[in-house]
Protein chains: 2
Amino acid sequence: MQLTQEYREKLDGALRRTGQRATRQREHIFSVLLGKRDHPTADEVYARARAEMPSISLATVYNCLEALSASGLVKQVNFEREPTRYCANLTAHAHFYCKESGEIQDVELSEQIIDLLKSCLPAGHTAHRIDIAFDGKCGECDD
Amino acid sequence: MQLTQEYREKLDGALRRTGQRATRQREHIFSVLLGKRDHPTADEVYARARAEMPSISLATVYNCLEALSASGLVKQVNFEREPTRYCANLTAHAHFYCKESGEIQDVELSEQIIDLLKSCLPAGHTAHRIDIAFDGKCGECDD
DNA sequence: CTAGGTGCAAAAGGTTTGCGGTTAA
DNA sequence: TTAACCGCAAACCTTTTGCACCTAG
């Protein structure tokens with residue numbers, strides 16, 4: 001998978017803006033996340049990345065995922081005690097985790113709901129980030 | 001800290017209902033969580049529990065916290081990659097994590113908002129649990 | 001040129017597991 | 001009586017770190 005010109009520029013800009021360098025590895029990891037948006041763990045990203053870049057190390061995968069998160073192009077998704085997953089969907093959304101299939105789906109949220117949630121905060125509190133995670137059964141797995 | 005009769009009965013019932021035994025250790029861990037509701041980690045619970053029960057082991061603390069969670073009397077709270085925290089507040093609420101002070105506060109939520117969130121799910125999906133975590137700065141830590 | 005990034009291997013840190021002995025029901 | 005639980009220590013697994021080499025800017 002190659003990064004399109006558009007995404008390469010987006011990435012380079014985002015990295016530069018956050019004082020980080022654009023490297024082959026970071027571009028490749030970004031392309032892996034864009035290529036299959038199924039919320040892979042670092043280990044899964046590592047496996048996919050090695051398919052086209054066999055010399056990349058797991059530590060570098062973690063470093064790249066961290067750099068991409070810091071640049072704002074990638075979000076980390078955490079479920080309970082499970083390994084962190086990574087997601088290149090930047091719209092406001094929650095995650096639904098189906099305990100039956102193990103699958104994770106994006107759930108689109110309106111800005112209204114986000115604002116409504118923020119309005120529940122005590123005065124003076126400011127939220128930089130809101131994580132919303134549903135646990136349950138998805139349509140296919142339901143009885 | 002001793003468990004009041006009311007809480008002891010609540011605990012015994014909840015454990016029995018989920019096919020688990022009431023043990024001295026589980027009662028003690030429950031009393032620790034009720035005694036100081038500041039969302040301690042397993043390690044902090046361990047330290048507090050040992051004050052009155054020096055022979056308890058960390059593995060047992062984990063076992064008890066797991067048993068209490070399974071019984072429904074305790075909730076696990078996860079923030080990013082940090083250690084799991086435990087909480088005996090059973091009302092519908094979210095958590096606010098202040099990155100400055102490290103403090104975690106409960107944020108009460110109305111049933112309406114919970115219902116509104118559930119209504120965002122695709123048809124057929126059922127959520128058994130919704131985790132909502134805010135990250136930011138609380139009033140005291142704000143600039 | 002040089003600060004930042006990479007690859008490797010080892011360490012860290014939270015959580016789980018295996019096992020012999022103990023206990024609630 | 002006996003399945004479940006406890007305490008201890010070792011194992012596990014994800015993530016981080018230290019260090020020598022490399023590379024983007």
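This one's a predicted model, so the numbers in the text were calculated from it and none came from an experiment. Chain letters run A, B, ... following the sequence lines, proteins first, then strands; residues in each count from 1.
Residue B:Ser57 has a polar side-chain atom (N or O) positioned under 4.0 Å from OP1 or OP2 of D:dG7. The shortest distance between the side-chain N/O atoms of B:Arg26 and the OP1/OP2 oxygens of D:dC5 is below 4.0 Å.
Using a 4.0 Å heavy-atom criterion, one finds that B:Ala22 contacts the sugar-phosphate atoms exclusively. Heavy atoms of A:Thr41 sit nowhere under 4.0 angstrom from any nucleic acid atom. Residue-level contact check: B:Arg24 touches neither bases nor backbone, having no heavy atom under 4.0 Å from any strand. Using a 4.0 Å heavy-atom distance criterion, B:Thr23 is classed as a sugar-phosphate-only contact. Within 4.0 Å (heavy atoms only), A:Leu58 reaches at least one base atom of the nucleic acid. Residue A:Asp43 is classed as having no contact, given no heavy-atom separation below 4.0 Å to the nucleic acid.
Look at CD1 on B:Ile29: it is 9 Å from P on D:dC6, rounded to the nearest Å. In this entry the distance linking NE2 of B:His28 with C1' of D:dC5 reads 17 Å, nearest Å. Summarising the geometry, the separation between CD1 on A:Ile56 and C1' on D:dC22 is reported as 15 Å, rounded to the nearest angstrom. Atom CD in A:Glu44 sits about 13 Å away from atom C1' in D:dT14, given to the nearest Å. Whole-Å rounding puts the A:Glu82 CD to D:dT15 P distance at 11 Å. Separating the CD atom of B:Glu66 from the C1' atom of D:dC5 is a distance of 14 Å, rounded to the nearest angstrom. We find that OH of B:Tyr62 is positioned 16 Å from P of D:dC8, with the value rounded to whole Å. Atom CD of A:Gln25 and atom C1' of D:dA24 are 11 Å apart (whole Å).
Nucleotides of DNA chain C nearest to B:Arg21 and B:Tyr86 differ in position, and the one nearer the 5' end is that of B:Tyr86.
Not one N or O on the side chain of A:Arg16 forms a donor-acceptor pair closer than 3.5 Å with the backbone of A:Arg21. In terms of modelled atom types and a separation under 3.5 Å, the side chain of A:Glu44 and the main chain of A:Thr41 share a donor-acceptor contact. The main-chain N or O of B:Ala67 is found under 3.5 Å from a side-chain atom of B:Gln20 such that the two form a donor-acceptor pair.
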Notebook entry, point to check: Step by step, would you call A:Leu3 with A:Phe30 a side-chain contact (heavy atoms from CB on, under 4.5 Å)?
Noted result: CA-CA 8 Å; A:Leu3 225 44; A:Phe30 191 40; 4.1 Å; yes
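Separation of the A:His125 and B:Phe96 ring centroids falls under the 6.0 Å cut-off.
Using modelled atom types and a 3.5 Å distance limit, the side chains of A:Glu108 and A:Thr91 yield a donor-acceptor pair. A donor and an acceptor atom, one from each side chain of B:Arg26 and B:Asn63, are located under 3.5 Å apart.
Taking a heavy-atom distance under 4.0 Å as the criterion, the stretch of DNA chain C touched by chain B extends 5' to 3' from C:dG14 to C:dA25.
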